[in-house]
Amino acid sequence: MGGCHYDRKLLDEMPSRGLGARNANNMRASTMDSVWRLFDGMVERDVVSWNTVIGGNVESGLYEEALAMVRQMTHVGLRPDSFTLSTVLPIFAESGSVSNGKETHGYAIKNGMDREAFMGSSLIDMYAKCTLLEYSYHVMGRVANPDAIAWNSIIAASVQNGQFDDGLRFFRQMLQWKLRPMAVTFSCLLPACAHLNTLHLGKQLHGFIIRGGFDRNVFVASALVDMYAKCGSICIARRIFDQMPSLDMVSWTAMIMGYALHGPVQEALSLFRRMEMDNGKPNYVAFVAVLTACSHAGLVDEAQKFFSNMTKDYGITPCLEHYAAVADVLSRAGKLEEAYDFISKMHIKPTASIWSILLGACRVHKNGELAEIAAEKIFELEPKNIGSHLILSNVYSATGKWKEAAEIRMVMRMKGLKKQPACSWIEIKNKVHGFVAHDTSHPCYQKIVDAWETLKDQMEREGYVPNTTDALHDVEEEQKVISLSGHSERIAIVYGIISTSPGTTLRVTKNIRVCVDCHTVIKYISRIVRREIIVRDLNRFHHFNDGQCSCGDFW
DNA sequence: GTAGGGTTAG
């Protein structure tokens with residue numbers, strides 16, 4: 001068994017990330033120098049003293065030094081133990097060097113250490129950070145007596161890799177094993193609720209958090225702010241934010257992004273200014289949040305100002321999300337040429353999603369030429385991008401190019417591209433009810449139809465005229481059929497009205513953007529039934545109240 | 001005597 005071989009490889013394959021950390025940690029490095037001198041002068045050095053110094057190096061970001069020491073300790077006849085391995089595994093987790101991680105895992109198996117909880121949690125974390133979630137699950141299955149941290153690790157692993165249901169399942173198992181959840185458990189779990197948009201689960205976790213006394217922990221509180229904002233309760237998010245004993249960049253950013261998603265954009269901008277004063281230098285995520293706020297409200301000048309502020313004053317290199325927000329605000333304002341120039345001058349290669357922003361706006365502003373250019377770029381990058389085919393065909397139709405429009409439809413048939421059905425869902429008494437367009441399958445379908453007919457009559461008496469020329473967004477194909485069966489969010493809302501008591505807030509989620517006509521209809525409904533109706537679409541939240549929407553009819 | 005897990009990214 002070649003301990004030597006294993007160690008040498010570790011050192012050879014170290015990525016350069018440790019160097020960056022070293023420069024950033026000069027002060028700690030000099031502290032480590034004195035540690036090293038002390039260690040050097042020791043008469044007798046055992047595994048514990050080696051492990052201690054290795055740990056100090058890792059903590060100071062001196063990764064290469066730490067790994068070199070692992071090699072050196074084998075040269076003086078000492079064998080790395082489970083302390084050594086769980087100290088260096090986070091290095092591989094951070095740098096994503098899965099081959100080194102696997103070797104370490106192999107060494108642990110051969111020495112019978114892989115079933116220990118300490119080793120298990122480092123291995124689970126390392127594999128998860130290298131996006132090999134199945135390996136994390138495998139390791140967890142072999143840990144003899146998983147402790148709370150091992151459960152935290154597997155929960156974090158699942159959620160960080162997008163397996164939200166798994167994360168919640170592991171949490172239930174953790175409780176069944178009578179292990180007490182910790183603050184970390186909740187800061188791992190809350191993002192799962194945020195992504196799944198399940199307010200009732202999030203509230204249940206909040207209950208656990210209060211009972212456990214974790215609500216003042218900054219990680220937990222920030223995750224709560226984010227969860228409530230993402231699940232549609234911006235007011236509760238703000239209340240928690242205001243009660244936080246201390247705020248860090250993440251808490252500010254979560255709150256700003258919350259306002260960007262929900263609409264009070266001035267609130268987002270003023271929070272950003274306050275954050276600059278209180279917390280100093282915003283990071284790039286904070287700029288993603290404030291630029292998103294600008295794009296959702298169509299604030300062209302402000303977005304451009306923030307973008308140059310970010311690059312010139314703060315020296316932050318823009319990433320895809322920053323470019324997307326600025327491209328969006330320019331495009332939707334009708335500054336198509338400017339948007340095209342902006343995208344063309346990006347320092348990273350624009351993705352299909354960036355070009356799609358321009359293409360979508362070309363449809364609204366009926367610019368066939370730029371639409372063709374954008375579509376060509378998209379088809380190059382993603383030949384099977386369904387939405388772009390549809391938009392291009394719509395641009396052709398809108399500009400009277402019927403032949404070209406028909407050709408696109410033909411190409412789509414030949415490529416076997418079929419549109420994903422649009423759907424909406426509503427949570428009633430902790431049960432989710434989903435509806436697709438033309439959905440007649442719900443047991444209450446007839447009641448829904450009757451209620452819709454009554455509502456429609458009343459809307460028409462109040463002046464509602466169906467709008468069949470939805471030119472704004474890529475919505476369901478059946479948009480011309482203004483009927484109940486056409487759009488899924490109407491079915492969900494009407495079902496919500498007939499199955500909850502008067503005055504109850506309705507929360508509906510939709511997997512694409514809301515169309516203009518539905519937006520109008522929901523405004524009418526909110527006034528007629530005197531309820532707040534909150535619709536989360538692909539991009540943002542709409543709060544309908546007394547005939548108005550929080551998006552200010554711009555979305 | 002030493003060690004493992006965390007929040008923001010339309």
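Only heavy atoms go into these numbers, but all of them, side chains included; no hydrogens, no water, no symmetry mates.
- Relative to the side chain of A:Asn51, the nucleotides B:dT2, B:dG4, B:dA9 differ in distance, and B:dT2 lies closest.
- Atom CE of A:Met69 and atom P of B:dA3 are 14 Å apart (whole Å).
- For A:Asn217, the listed nucleotide lying nearest its side chain is B:dG6; candidates were B:dG1, B:dT7, B:dG6.
- Between A:Lys129 and B:dG4, a side-chain N or O to OP1/OP2 separation shorter than 4.0 Å is absent.
- The interatomic distance linking A:Asp114 (CG) with B:dG4 (C1') rounds to 15 Å, in whole Å.
- Here B:dT7 is the nucleotide among B:dT2, B:dT8, B:dT7 with the atom lying nearest to any side-chain atom of A:Ser187.
- In this model, no side-chain donor or acceptor of A:Ser86 finds a partner on the base of B:dG4 within 3.5 Å.
- A salt bridge is absent between A:Asp242 and A:Arg239; no separation between the charged side-chain nitrogens and carboxylate oxygens falls under 4.0 Å.
- Rounded to a whole Å, the CD1 atom of A:Ile316 is 16 Å from the P atom of B:dA9.
- Residue A:Leu205 contributes atom CG, which lies 15 Å from atom P of B:dT7 at whole-angstrom precision.
- Using the six-membered ring where Trp is involved, A:Tyr340 and A:Trp355 have ring planes that are tilted, between 30° and 60° apart.
- The NZ atom of A:Lys281 sits 11.5 Å away from the CD atom of A:Glu276 when rounded to the nearest 0.5 Å.
- Using a 4.0 Å cut-off between charged side-chain N and carboxylate O, A:Asp301 and A:Lys305 make no salt bridge.
- Remark: C1' of B:dT8 and CZ of A:Phe241 are 12 Å apart, rounded to the nearest angstrom.
- Candidate nucleotides B:dG4, B:dT2, B:dG6 were compared by shortest atom distance to the side chain of A:Ile149, and B:dG4 ranks first.
- Between the C1' atom of B:dT2 and the CZ atom of A:Arg45 lies a distance of 17 Å, rounded to the nearest Å.
- Heavy atoms of A:Ala117 sit under 4.0 angstrom from at least one base atom.
- Closest to the side chain of A:Cys188, out of B:dG4, B:dG6, B:dT2, is B:dG6.
- Note on A:Ser82: a base of the nucleic acid sits closer than 4.0 angstrom, heavy atoms only.
- Taking only side-chain nitrogens and oxygens, A:Lys230 never comes nearer than 4.0 Å to OP1 or OP2 of B:dT7.
- Base engagement by A:Met182 is indicated by at least one non-hydrogen atom pair under 4.0 Å involving a base atom.
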_Let's go through A:Phe241 and A:Trp252 carefully: what are the C-alpha distance in whole Å and the side-chain angles of both, what is the deciding distance for side-chain contact (heavy atoms from CB on, under 4.5 Å) to 0.1 Å, and is it a yes or a no?_
CA-CA 8 Å; A:Phe241 178 81; A:Trp252 283 102; 3.7 Å; yes

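- Among the atoms of the strands shown, base atoms are found under 4.0 Å from some heavy atom of A:Asp248.
- Contact annotation for A:Tyr284: base contact, defined as any heavy-atom pair under 4.0 Å involving a base atom.
- In this structure, A:Arg169 places its CZ atom where more than 12 heavy-atom neighbours from other residues, nucleotides or ligands lie under 6.0 Å away.
- Counting any heavy atom pair closer than 4.0 Å across all strands shown, A:Val47 reaches no nucleic acid atom.
- Both thresholds, 5.5 Å between centres and 30° between ring planes, are met by A:Phe83 relative to the base of B:dT2, so the two rings are stacked.
- Among the nucleotides B:dG6, B:dT8, B:dG4, the one closest to the side chain of A:Asp226 is B:dT8.
- Rounding to whole angstrom units, CG of residue A:Leu320 and P of B:dA9 are separated by 16 Å.
- When the P atom of B:dT8 is taken as reference, atom CE of A:Met255 falls 15 Å away, rounded to whole Å.
- Heavy atoms of A:Val218 sit under 4.0 angstrom from at least one base atom.
- Checked against B:dG4, B:dA9, B:dG1, the side chain of A:Ala150 finds its nearest nucleotide in B:dG4.
- Across all strands shown, A:Leu538 has heavy atoms under 4.0 Å from base atoms, whether or not it also approaches the sugar-phosphate.
- Residue A:Ser121 places a side-chain atom within donor-acceptor reach of the base of B:dG4, judged by atom type and a 3.5 Å distance cut-off alone.
- Among the atoms of the strands shown, base atoms are found under 4.0 Å from some heavy atom of A:Ala183.
- Not a single donor-acceptor pair under 3.5 Å links the side chain of A:Ser233 to the backbone N or O of A:Ala229.
- Residue A:Val285 places its side chain closer to B:dA9 than to any other of B:dA9, B:dG4, B:dT7.
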